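In what follows, a structure is listed as structure tokens, so that the remarks can point back to it.
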Amino acid sequence: ASMRVLAVVLLALLSVPGAAIATTETPAPTAVPGATSAAPGPPLLEWEVVSRRPHDPEAFTQGLVLGLDGRLFESTGLFGGSSGRELARATGEVLRIRTQPFEEFGEGLALVGDELVQLTWLSGLARRFEVDTFKVEARHRYEGEGWGLCHDGARLVMSDGSHRLTFRDPQTFAIEGSVAVSVDGQPLERLNELECVGQRVWANVWQTDAIVRIDPADGRVTGVLDLSGIIEPHPAQSDREAVLNGIAYDPETDTFLVTGKLWPELIEIRVLE
């Protein structure tokens, strides 16, 4: 990708919170804070659409995760409309649903063994529930906001809307450390839904059409997926809340399922490297 396109994408990521609503319009090119000819920033990663499937257009998607058996689970948000769900991958049909109390706003979702762990935005509460029965097995309390969550096989990785990722024990939810995420030394805020893939963390950046690939060892962004144009018309053109959010990796096909809040499609993409 050209440096002009890369500069445009990274500027959107580094802009002040709330300034960049997802859009299909291309902003004017400008310099990237911290980027020089010697350090042009992380590369834009090429991608292709593999398939498109239906998705509930009323689902305010906050988390998306695939089990090793190929089962697809989703967390939805909004006060009075939050839930944990199992979806049919081919049709988007809601196979099972577990609704949450009105005052809880559902957020990120991770799979740990045979249990799902679901965050809440402002309640400081994470619930663990069994994948087959959706019975709540445990509750964990935490401070601050809950945004995204994923499990890397050894620990939980959590975002809170800031530029930091927090590492937690997958059983006790105790904090085990954190890392600041940056692009060429500049903090990258609004990290939202997360997906752990091998030794990397992929993160939606709220209010943009971008997903970033992060090295959790030092917090560096090592790649950017600019998904502008992946859906037409863009749902955010009629509802500014309908932004890209939701990443699930399928190791069987080496593809990602992505969607957004209130999006009518679940889109399978392949990253080309």
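Owing to the predicted nature of the structure, the values given are computational and were not obtained by experimental measurement. Heavy-atom basis, side chains included; hydrogens, waters and symmetry copies ignored.
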Original post:
Given the side-chain rings of Trp47 and Phe256, with only the six-membered ring counted for Trp, is the space between their centroids under 6.0 Å?
Top reply: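 Between Phe256 and Trp47, which both carry aromatic rings, the centre distance is not below 6.0 Å.
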Original post:
Looking only at side chains, do Arg53 and Ser51 share a donor and an acceptor under 3.5 Å apart?
Top reply: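 Ser51 and Arg53 do have a side-chain donor-acceptor pair below 3.5 Å.
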Subject >> Side-chain donor or acceptor of Ser123 paired with backbone N/O of Leu125 under 3.5 Å >> reply: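 Side chain of Ser123 to backbone of Leu125: no pair is present.
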Original post:
Are the side chain of Ser82 and the backbone of Gly106 linked by a donor-acceptor contact shorter than 3.5 Å?
Top reply: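 Between the backbone of Gly106 and the side chain of Ser82 there is a qualifying donor-acceptor contact (under 3.5 Å).
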Original post:
Relative to the ring of Phe173, is the ring of His140 parallel (under 30°), tilted (30 to 60°) or perpendicular (over 60°)?
Top reply: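 Rings of His140 and Phe173: parallel, under 30°.
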Original post:
Charged N to carboxylate O under 4.0 angstrom, Arg128 versus Glu115?
Top reply: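 Salt bridge present between Arg128 and Glu115.
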Original post:
Salt bridge check: are Asp169 and Arg155 linked by an N-O gap of less than 4.0 Å?
Top reply: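 No, no charged N to carboxylate O under 4.0 Å.
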Subject >> Exceeds 12 heavy-atom contacts within 6.0 angstrom, atom CZ of Phe102 >> reply: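 No.
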Original post:
Should we say atom CG of Leu272 is surrounded by more than 12 heavy atoms from elsewhere, each under 6.0 Å from it?
Top reply: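 Yes.
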From [atom1] ([X]) to [atom2] ([Y]), nearest 0.5 Å:
X: Leu225; Y: Ile230; atom1: CG; atom2: CD1; result: 9.0 Å
X: Glu74; Y: Thr61; atom1: CD; atom2: OG1; result: 4.0 Å
X: Glu268; Y: Glu48; atom1: CD; atom2: CD; result: 10.0 Å
X: Glu145; Y: Trp121; atom1: CD; atom2: CH2; result: 6.5 Å
X: Leu109; Y: Leu194; atom1: CG; atom2: CG; result: 11.5 Å

Subject >> Passing option when Trp147 is tested against Phe105, Trp206, Tyr142 for ring pair (Phe, Tyr, Trp, His ring centres under 6.0 Å) >> reply: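 Answer after filtering Phe105, Trp206, Tyr142: Trp206.
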**OP:** Could you check Arg85, Arg96, Gln118 and say which one makes a side-chain contact (heavy atoms from CB on, under 4.5 Å) with Phe73?
**Re:**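 Passing option: Arg96.
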